[in-house]
Protein chains: 2
Amino acid sequence: MSETLDTGLLTEAPRRPRGRPRKSPDDRDEGNRRQLLIHAAAALFRNKGFAATSTRDIAAAVGMQSGSPFYHFKSKGALLHEVMAQGMRSALRQQALALQALRQSHDAAQAVGDEYSGGAAPSPAEALRALIRAHFDILLCPGSDFVPVMLYEWRSLTPRQRETVVALQREYEAPWLPVLQDLHRQGRLHANVHLARLLILGALNWSVQWFNAEQGGSLDELSDVALRLFIHPEAA
Amino acid sequence: MSETLDTGLLTEAPRRPRGRPRKSPDDRDEGNRRQLLIHAAAALFRNKGFAATSTRDIAAAVGMQSGSPFYHFKSKGALLHEVMAQGMRSALRQQALALQALRQSHDAAQAVGDEYSGGAAPSPAEALRALIRAHFDILLCPGSDFVPVMLYEWRSLTPRQRETVVALQREYEAPWLPVLQDLHRQGRLHANVHLARLLILGALNWSVQWFNAEQGGSLDELSDVALRLFIHPEAA
DNA sequence: CCTACCGATCGGTAGG
DNA sequence: CCTACCGATCGGTAGG
């Protein structure tokens, strides 16, 4: 992801250009500056809340002047929406990768004749663990501000913006249901699966409020604890 | 707390008092007006967030002029803090009543020789159910805005205000731990009790985001589902 | 992307 | 508790 960021101060400029030093015209860092704004906004929205963060705060965080964010975004709300949409798209990618890795590890085990698990597909419990682990990653890794902003600031979206975010959310929550249904059939989950999904995701989402990356233990251990809390031991 | 607040309009003004019609002077609603502000603020803070709610919004909600809330509260933040403190004190009362009712129902059962439960004290599972049920009451009953405001707006408190709220929170969370420890000993909870408490309270707290009082089913049913999700069946 | 600016709104106050 | 008001800040824009 490291793009070429040539400041190009030497390529032209016969004399000294007016104003502070400029980058060369072929330095197209438009997307870069825009992304910087998005990241700064995500961090500020998460720490202070959307309404309590001024567009001046965001501009200052990336060394811009107060009016400049509006060159990249037509409004403060559009910036918020972009944070959420990017956060959810990234979360969907992470979730898909986690499920894919789970399947592949089982395919590999099967390919070498390792069939102790009895079936080709990962067990429902393993699948739930993978979903939980990916979810903690998305919420709690240092710098993971985008999805927490979505979780806690969606009230500030316009109804139209909310629609697109809700659609992404539904897509993200979809894989949880069949896994919980499997666990229910196995007798390892004694609760309505729809309510169970709401309660489980709530338990995980709330970790944003109390988890401390420096002293909170590993996300692996946390995922194990959560899994053991929600599903019952295998029937003997 | 109802102090004598004589507006004195009648002691002087011999004709018709200026301004809109006044209530009679013996209508001492000082505490009442103050409580009205607190309730209106709680509802607005919950629905729009603290930073997005103006003191003018709050004043208008109770029919006051824009500067009048500052007759009752020295700042917007003091009003927020009062919402949270009242919410937590009320929650503590509700929780204590629920636990007391649980114990009394067992005492009564014992008094008439109904000893099917084998012991005098309520079972840990029953105690957890009572805690969960009371918690849902505190969060989800129509008009229960105070504690949700505390859960979602504590960032807006000053450090000093936060201390008093955190102390109330700790008091509220205290009774959960011994109950979870009992369940752990019984083998009905397979997780670190401290983490279990965080995860369980998170699952419940998050219900504020999705529960719909009109169509969401009863809080009794919801409590049963949550209980079955978190604790394992009794050992055979 | 900066400069310079605008109208609106905000929390809060004095004085009655 | 209202009236009248203040300074500060805010989101956003024109023009370069």
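By convention in this document, chain letters (A, B, ...) are assigned in the order of the sequence lines, proteins followed by strands, and residues within each chain are numbered from 1. Predicted, not measured: the structure shown is a model, and the values here were computed from it.
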What is the distance from CZ of B:F73 to P of D:dC1, rounded to the nearest Å?
11 Å
Pair pattern of DNA chain D in dot-bracket, where unpaired bases get dots and | marks partners in another strand, Watson-Crick or G-U under 3.5 angstrom:
||||||||||||||||
Contacts of A:F230 that satisfy ring pair (Phe, Tyr, Trp, His ring centres under 6.0 Å) - sequence neighbours left out:
none
Residue pairs fulfilling side chain to side chain donor-acceptor pair (under 3.5 Å) with at least one residue in residues 77-98 of chain B, sequence neighbours excluded
B:Q35-B:Q86, B:H81-B:T164, B:E82-B:Q86
Is any side-chain heavy atom of A:F73 closer than 4.5 Å to one of A:R34?
yes
Give the table of side-chain donor-acceptor pairs shorter than 3.5 Å for residues 56-67 of chain B, with sequence neighbours excluded, one pair per line with atom names and distance.
residue, atom, partner, partner atom, Å
B:D57, OD1, B:S54, OG, 3.3
B:D57, OD2, B:K48, NZ, 3.1
B:D57, OD2, B:S54, N, 3.0
B:D57, OD2, B:S54, OG, 3.3

Sorted by chain and number, sequence neighbours left out, side-chain hydrogen bond (donor to acceptor under 3.5 Å, both in side chains) with A:S75 holds for none
With sequence neighbours excluded, give me every salt bridge (charged side-chain N to carboxylate O under 4.0 Å, His left out) pair touching residues 148-170 of chain B.
A:E153-B:R155, A:R155-B:E153
When every nucleotide of nucleotides 3-15 of chain D is labelled 5' to 3' by its protein contacts under 4.0 Å (heavy atoms), B for base, S for sugar-phosphate only, - for none, what sequence of letters results?
B-B----BBBB--
Atom CZ of A:R33 and atom P of C:dC2 are separated, to the nearest Å, by 7 Å
Inter- and intrachain pairs under ring pair (Phe, Tyr, Trp, His ring centres under 6.0 Å), touching residues 46-70 of chain B, at least two apart:
B:F45-B:F50
Taking only residues two or more places apart in sequence, or in another chain, which ones meet A:D220 in a salt bridge (Lys or Arg N to Asp or Glu O under 4.0 Å)?
A:R129, A:R133
